[in-house]
Structures are given as structure tokens and as C-alpha cells.
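Let me begin by presenting the structure, written as C-alpha cells, before commenting on it.
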There are 2 protein chains.
Amino acid sequence: MKREMVERPYKEVVDVLKRCGLRPTRQRMALAKLLRDAGDCHLTAEELHARAADAGHRISLATIYNALHQFTEAGLVREIVVDSGCSYFDTNVSDHHHFFFEDRRELKDIDHGDVVISAVPEPPEGATVERVDVVIRVRSS
Amino acid sequence: MKREMVERPYKEVVDVLKRCGLRPTRQRMALAKLLRDAGDCHLTAEELHARAADAGHRISLATIYNALHQFTEAGLVREIVVDSGCSYFDTNVSDHHHFFFEDRRELKDIDHGDVVISAVPEPPEGATVERVDVVIRVRSS
DNA sequence: TCAATAGTTTAGAATAATTCTAAACCACTT
DNA sequence: AAGTGGTTTAGAATTATTCTAAACTATTGA
């Protein structure tokens with residue numbers, strides 16, 4: 001049996017990592033795969049750490065943070081700040097917005113088309129718009 | 001000279017505090033006055049602490065945090081989360097949005113009318129919209 | 001294939017913002 | 001003036017995150 005056949009499940013994430021200029025290390029491959037297989041969701045560093053542990057990967061928290069920041073930089077995930085206290089990382093990097101359930105401290109995607117922003121101001125002189133974030137804060141009533 | 005004339009400068013904040021059901025203590029009066037006199041701005045707890053110190057008030061950080069949360073609850077200020085790491089408190093409680101300068105970690109108001117959101121989704125069953133936050137993240141280019 | 005090198009991971013310490021604790025304090029009523 | 005219950009405080013505790021320096025490993029070139 002050819003080597004490649006065994007390694008195939010990781011082939012795709014290896015390519016993604018390489019394309020991003022990140023060395024495909026054991027830990028980065030595991031994390032990239034976990035994130036890819038997680039579907040659209042919003043994870044904290046601790047949650048990803050737990051999922052990695054569940055999947056049998058003992059990866060230090062510092063590495064989780066490093067990887068999440070590198071993945072954010074590379075556009076593989078997106079960091080969302082809605083809760084002073086901790087960052088969420090969104091595996092859905094397409095253009096969209098969020099509900100934030102303040103009591104549960106949980107995020108839920110809003111499809112791009114469901115929020116229509118028909119006017120935004122010019123950014124001040126010398127500033128470039130990175131992103132327009134819309135967060136609808138809700139509480140259970 | 002009547003007593004009231006001397007106390008007058010604090011009369012207004014005392015009334016505000018009472019109306020909010022907050023006992024007008026020395027520290028709360030000082031902070032409420034500082035915030036009111038600060039004009040529209042975005043302060044962290046540490047910054048308010050420093051301003052209080054500058055004004056000659058030695059108030060513990062724990063008290064600053066307590067007061068800011070009570071003031072937020074009472075609608076005297078508004079808490080803004082744009083930066084995992086620290087909260088900003090906005091003395092402008094009218095409906096408006098923000099630019100966030102990611103490199104300087106600073107906020108700037110956007111007038112309510114300058115952002116037009118023409119469609120927002122229904123909140124999920126059992127949830128009530130608290131607020132719709134629009135944050136335009138910019139960096140100096 | 002091997003060694004050198006440069007990037008990576010790690011545990012644990014360090015930091016930063018915030019919250020907690022329990023004792024001292026003080027505003028308000030009577 | 002005294003009692004009561006909310007408030008303030010210093011300092012310890014907590015939480016999320018970053019730093020550090022040593023051990024490790026992917027990659028490159030001989």
C-alpha cells in the first residue's frame with residue numbers, strides 16, 4: 001500500500017497550511033483538521049483545546065493560541081470580539097454577522113443577506129476599513 | 001451664605017444618582033461628575049481611575065469597576081466591547097455606532113444617521129434584541 | 001541520508017483586566 | 001445619636017492570554 005493512501009486524510013490541510021506559509025506541523029495539522037471538520041461554529045481557545053484533547057491530541061494551550069492567531073492572520077478563521085473576557089474564533093470566514101446571546105455567551109450566525117447596511121460613513125483620512133461587524137445583542141426574554 | 005450654594009455643583013449628579021436608586025456616595029458623585037464633564041468619550045476603567053486621581057480623588061479600582069457597572073445598568077454610560085482585553089465605557093448613551101482603530105485601540109463615534117441598516121433579521125424565538133452594534137474596524141493605511 | 005538551521009512547541013511563569021473577600025466605613029432612617 | 005444595611009477598600013484570587021527559554025522537529029542542502 002502506498003504511503004500517500006495512508007496520509008491522504010491530512011493531504012488537504014497540509015496543502016492549506018503550506019499555501020499560507022505555515023509549516024505543516026503535527027499540531028497545526030490536527031488543529032486545522034479539527035476546525036475544518038467542525039463545520040460553522042464559534043470556538044474559544046479553551047474549547048478548541050478541549051476538542052483537541054478529545055481527539056487524542058495533547059497540544060499545549062500556548063500552541064492553540066499561536067495557531068489560532070496564525071490561522072486568523074491567514075484568513076482560515078476569523079476572530080470575533082463580543083465578550084470582554086474571551087475571544088471567539090469563527091470557522092465561517094465568509095461575510096456575515098452575528099447574534100450574541102448575552103446570558104449564554106454564545107454566538108449565532110446571521111446570513112450576509114439578512115442584514116442590509118445601505119449606508120456607511122467614509123473612514124477617517126488615512127484609515128482603511130478592515131471589516132464592518134454587526135452584532136445583534138439579545139437576551140432570552 | 002447658604003449651604004446649598006456651596007454644594008450646588010454636585011446637586012445635579014446627586015439627583016441623577018438618586019433617580020437611579022444609587023446612594024450618592026462621595027466616590028459615586030465624583031465619578032458621575034467626571035463622566036458628565038468629560039463630554040462624549042470612551043474610557044477604560046483604568047483611564048477613569050487616572051482621571052479621578054488627577055482630580056484629587058483617591059478611589060480604589062474595585063470601586064471604579066463597581067460604579068461603572070452600576071452606571072451601565074442605570075443607562076448613564078454604555079459598555080462597548082471591541083477589544084478582547086478591556087472594556088470601554090461610552091459617556092454617549094444615545095443611539096450611535098463606532099469606528100475602532102485597531103492599531104491605536106481607540107474608538108470614534110459614528111452618528112446614528114450615518115449608518116443605515118435597512119434590514120435586520122428577527123431575533124430567534126424567545127430572545128429580545130438588546131442592541132444592534134455596528135463596529136467599523138479600521139487601520140491606518 | 002545526515003547535519004545544520006530556523007521555525008515550532010512546550011511547561012510554567014508572567015501579565016493584564018477584572019472580580020472576589022471580608023473588614024472598615026458611612027449614608028440614611030429613626 | 002445609634003442602628004442598619006448598603007458601600008468602599010486593599011489585597012488576594014481568578015481568568016484569559018502572552019511570554020520565556022529550553023527542547024523539539026520540519027526542511028534544506030551537502
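Every chain is numbered from 1, with letters handed out A, B, ... down the list of sequences. Everything quoted here is computed from the prediction, not taken from an experiment.
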Taking CG from Asn66(B) and P from dT9(D), how many angstroms apart are they, rounded to a whole number?
10 Å

Can you tell me if Asp109(B) and His97(B) form a side-chain donor-acceptor pair at under 3.5 Å?
no

Side-chain N or O of His69(A) versus OP1/OP2 of dT17(D): is the shortest distance under 4.0 Å?
no

By nearest-nucleotide position on DNA chain D, the 5'-leaning member of Gly21(B) and Leu61(B) is Gly21(B)

Does the side chain of Gln27(B) get closer than 4.0 angstrom to OP1 or OP2 of dT9(D) through an N or O atom?
yes

Distance check needed: dG6(D) P versus Gln70(B) CD, whole Å only.
13 Å

Between Thr63(A) and dT8(C), is there a contact of a side-chain N or O with OP1 or OP2 at under 4.0 Å?
no

May I ask you to decide if the ring planes of His69(B) and Tyr65(B) are parallel, tilted or perpendicular, using 30° and 60° as cut-offs?
tilted

Roughly, in whole Å, what's the span from NE2 in His49(B) to C1' in dA17(C)?
13 Å

Classify the angle between the aromatic ring planes of His98(A) and His96(A) as parallel (below 30°), tilted (30 to 60°) or perpendicular (above 60°).
perpendicular

Does Ser87(B) make a side-chain N or O approach to OP1 or OP2 of dT18(C) shorter than 4.0 Å?
yes

Salt bridge (charged side-chain N to carboxylate O under 4.0 Å, His left out) between Arg105(B) and Asp83(B): does it pass, once the steps are laid out?
CA-CA 8 Å; Arg105(B) 304 179 67 181; Asp83(B) 190 357; 2.6 Å; yes

Review item, nucleotides 21-26 of chain C N/O atoms under 3.5 Å of protein N/O:
{"unit_1": "dC26(C)", "atom_1": "OP1", "unit_2": "Arg26(B)", "atom_2": "NH2", "d": "3.4"}

Nucleotide dT19(C), atom C1' - distance to CD1 of Ile64(B) in whole Å:
15 Å

Nearest-Å distance, CD1 (Ile59(B)) to C1' (dT9(D))?
12 Å

Rounded to whole Å, the NE2-C1' distance (His57(B) to dT8(D)) equals 15 Å

Between dT18(C) (P) and Asp83(A) (CG): distance, integer Å:
12 Å

OP1 or OP2 of dT8(D) versus the side-chain N and O atoms of Thr25(B): is any pair under 4.0 Å?
yes

Does CD belonging to Glu130(A) count more than 12 external heavy atoms closer than 6.0 Å?
yes

Leu48(A) CG - dA16(D) C1' separation (whole Å)
15 Å

Tell me whether the OP1 or OP2 atom of dT18(C) has a side-chain N or O from Tyr65(B) closer than 4.0 Å.
yes

Picking from dT8(C), dT7(D), dC28(C), which would you name as closest to the side chain of Arg28(B)?
dT7(D)

Test Leu107(A) against Ile80(A) for side chain to side chain contact (heavy atoms under 4.5 Å, CB included), laying out the working first.
CA-CA 9 Å; Leu107(A) 285 158; Ile80(A) 303 185; 4.1 Å; yes

Ignoring hydrogens and angles, state whether a donor on the side chain of Glu79(B) or Ser87(B) is under 3.5 Å from an acceptor on the partner side chain.
yes

Nearest of dT8(C), dA17(C), dA10(D) to any side-chain atom of Glu46(B)?
dA17(C)

